[in-house]
Amino acid sequence: MNGLGRITVLGTGTGAPLDEGARAAVAGAGLVVGGRRHLAAAPVPDSAGRVTLGPLAPALEAIARHLEKGAGGGRVVVLASGDPGFFGIVRVLAERFGGERLDVRPGVSSVAAAWARAGLPWDDAVVVSAHGRALRTAVNVCRAHPKVAVLTGPGAGPAELGAALAEGSGGPGGRVLVVLRALGDPGAARVDRVSPAEAAARDWGGSVNVVLCLDPARALGPARTVAGPPAGPEGGWALPEEAFAHRDSMITKAEVRALALARLGPRLGELVWDVGAGSGSVAVECARLGAAVVAVERAADGVGRIRANAAAHGVDVRVVHGEAPGVLAALADDPDAVFLGGGGAGLPDLVAACARRARRTVVVALAALDRVPAARAALTAAGWEVDGVLLQSSRLAPLPGDVTRLAAANPVFLLWGVRPPEPSADPVEPAEPVDPAESAAPVDPAESAAPVDPAEPVSPVHPVGPVEGVAL
């Protein structure tokens, strides 16, 4: 394929001028697509068509029409902020026209620039977009991980992020928000380090690009050979009981914990409650798998053990001292999954309360046969799809004479309910955040090669799968 049949995508970096090669590509273009600021700064020839980015659909149609002209139309050049392959326009261009037609020349992304301004390496950071997505995913990632970059958006800026992290006693200890504004303008760029509560109390205007959420004590970890957080916790999961402090063997056994974790499905960006947490072994394991976790425990000595176990395994677990279900009303954020470690006479009410709040799954572990029907009935009455299993395991145990026997563990019932799926719109993935003055600029009909509805959102968006809000 010759160069005229390709689309050149130029990342402008964060305020850096186009280099000689990029300027030459623009100067030889037949159609140039970009934000108003990008078009004004580029040497667009008078003979070239222009599309000022507002809604993305008309721009894609203009590109398609231009490509149909073949060699006679000249090259298509798309100008984008930062690295257009990082939460940017490259994804939708590749989906529409094919990656083989793209000549992508990235600039410095806003996230890379943010970490550079903070003076920190970011090979071990998590990046999450709250631009055009639910804020809760970003909040849960910040709760669970010590080093996070959040791409902000309307209604999901530092004030909203700070308020969620500082709410009650729910914010993880010692978090600092580094708010970076106007990254695309070196003369106006600002860096503010604030607590979540301070961020919530300030009016940040509309010029925010990136917020870094840091645990200063863990922001500088050891050197790494693989970027991003670990794919799985070191040492695996369903750890032996000896890995946790517990009282009189009052701990969810490893075999039960393994299946419970499989049914809970804790993952990055989600929130899990461990109600009646005891030693907190399930809470800690969920946190090791990347989820944000709240452990609810009524015994004061249990609260101390949970905190000690979380610290020993290097994870953040919010511990709430109180008796469920009453104390659950103080938890503002609904969980994705809930684990219930047993229960007494009030078990049906507790299961029902958790089923009302959980977004996806409730898992109940029961040692007493008599409590199984009531727990199952409560999940069924909530309209959930219910299943369960009786777990009976025997472990190898030594005998005198260098022989081995099987030592049976107490049987445990594990029930789980799954909320039936509801139809919902797919989340959207906008381009990398740019200066609001540019992204909010109306499209000039005289410059646009296609009509644009001013009522449409101005950020380029397109459907993606539900997991794609987080880049590792």
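Quick caveat, the model's predicted, so the values are computed rather than measured.
One distance of note links CG of L56 with CG of L93; it measures 7.0 Å at 0.5 Å rounding. In this structure, L10 CG and S81 OG are separated by 12.0 Å, a value rounded to the nearest 0.5 Å. Atom CG of L328 is separated from atom SG of C354 by 5.5 Å, given to the nearest 0.5 angstrom. Rounded to the nearest 0.5 Å, atoms CZ (R267) and CG (N140) are 11.5 Å apart. Distance check, rounded to the nearest 0.5 Å: CG of L214 to CG of L120 gives 6.0 Å. The line from OG1 of T152 to CH2 of W204 is 11.0 Å long, rounded to the nearest 0.5 Å.
Looking only at atom types and distance, the side chain of T8 has no donor-acceptor partner in the side chain of R105 under 3.5 Å away.
Outside the 6.0 Å centre-distance limit, the rings of F87 and H131 are not counted as a close aromatic pair.
With respect to D333, the salt bridge (charged side-chain N to carboxylate O under 4.0 Å, His left out) criterion is satisfied by exactly one of R143, R318, R357: R143.
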Working for side-chain contact (heavy atoms from CB on, under 4.5 Å), residues V272 and V338 = CA-CA 6 Å; V272 179; V338 179; over 6 Å; no
Does the pair V33 and V77 meet the rule for a side-chain contact (heavy atoms from CB on, under 4.5 Å), with working shown?
-> CA-CA 6 Å; V33 180; V77 173; over 6 Å; no
Does the pair L177 and L212 meet the rule for a side-chain contact (heavy atoms from CB on, under 4.5 Å), with working shown?
-> CA-CA 6 Å; L177 298 184; L212 308 182; over 6 Å; no
Dump the intermediate steps for side-chain contact (heavy atoms from CB on, under 4.5 Å) on W273 and V296, then the final yes or no.
-> CA-CA 7 Å; W273 288 355; V296 178; 5.7 Å; no
Tell me, with the steps shown, if D334 and R359 meet salt bridge (Lys or Arg N to Asp or Glu O under 4.0 Å).
-> CA-CA 7 Å; D334 289 339; R359 299 162 64 94; 5.7 Å; no
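A distance-only check finds a donor-acceptor pair linking the side chain of N309 to the backbone of S279 [under 3.5 Å]. A donor-acceptor contact shorter than 3.5 Å links the side chain of R419 to the backbone of A355. Checked by atom type and distance alone, the side chain of E323 never pairs as donor or acceptor with a backbone atom of R298 at under 3.5 Å. Under the 3.5 Å distance criterion, the side-chain polar atoms of E285 are matched with a main-chain donor or acceptor of A238. Formation of a donor-acceptor pair under 3.5 Å by the R288 side chain with backbone atoms of G236 is found in this model. The closest donor-acceptor contact from the side chain of D274 to the backbone of A283 lies under 3.5 Å. Between the H145 side chain and the L268 main chain, no donor and acceptor come within less than 3.5 Å of each other.
Atom CZ of R96 sits in a crowded spot, with more than 12 heavy atoms from other residues, nucleotides or ligands closer than 6.0 Å.
Using a cutoff of 4.0 Å between basic side-chain nitrogens and carboxylate oxygens, D301 and R305 are scored as salt-bridged. Using a 4.0 Å cut-off between charged nitrogen and carboxylate oxygen, R193 and E198 do not count as a salt-bridge pair. One finds a salt bridge joining D192 and R190 here, because a Lys/Arg side-chain nitrogen approaches an Asp/Glu carboxylate oxygen to under 4.0 Å. A salt bridge does not link D215 to K147: none of the charged nitrogens lies less than 4.0 Å from a carboxylate oxygen. A salt bridge links D336 with R136; the closest basic N to acidic carboxylate O contact falls under 4.0 Å. E270 has a carboxylate O that lies under 4.0 Å from a charged side-chain N of R360, or vice versa, which qualifies the two as a salt bridge. R218 and D124 are not joined by a salt bridge, as no carboxylate oxygen comes within less than 4.0 angstrom of a charged side-chain nitrogen.
For C142 against L161, the heavy-atom pair with the smallest separation is SG-CD1, 4.2 Å. Across all non-hydrogen atoms, the minimal contact from S281 to R257 is OG-NE, 3.4 Å. In terms of heavy-atom proximity, L350 sits nearest to A324 at CD1-CB, 3.5 Å. In plain terms, the two heavy atoms of A138 and A130 that are nearest each other are CB-CB, 4.2 Å. Closest heavy-atom contact between P121 and L220: CD-CD2, 3.6 Å. For C213 against R175, the heavy-atom pair with the smallest separation is SG-CD, 3.9 Å.
In this structure, W122 and F86 have perpendicular ring planes: the angle between them is above 60°, well past the 30° mark.
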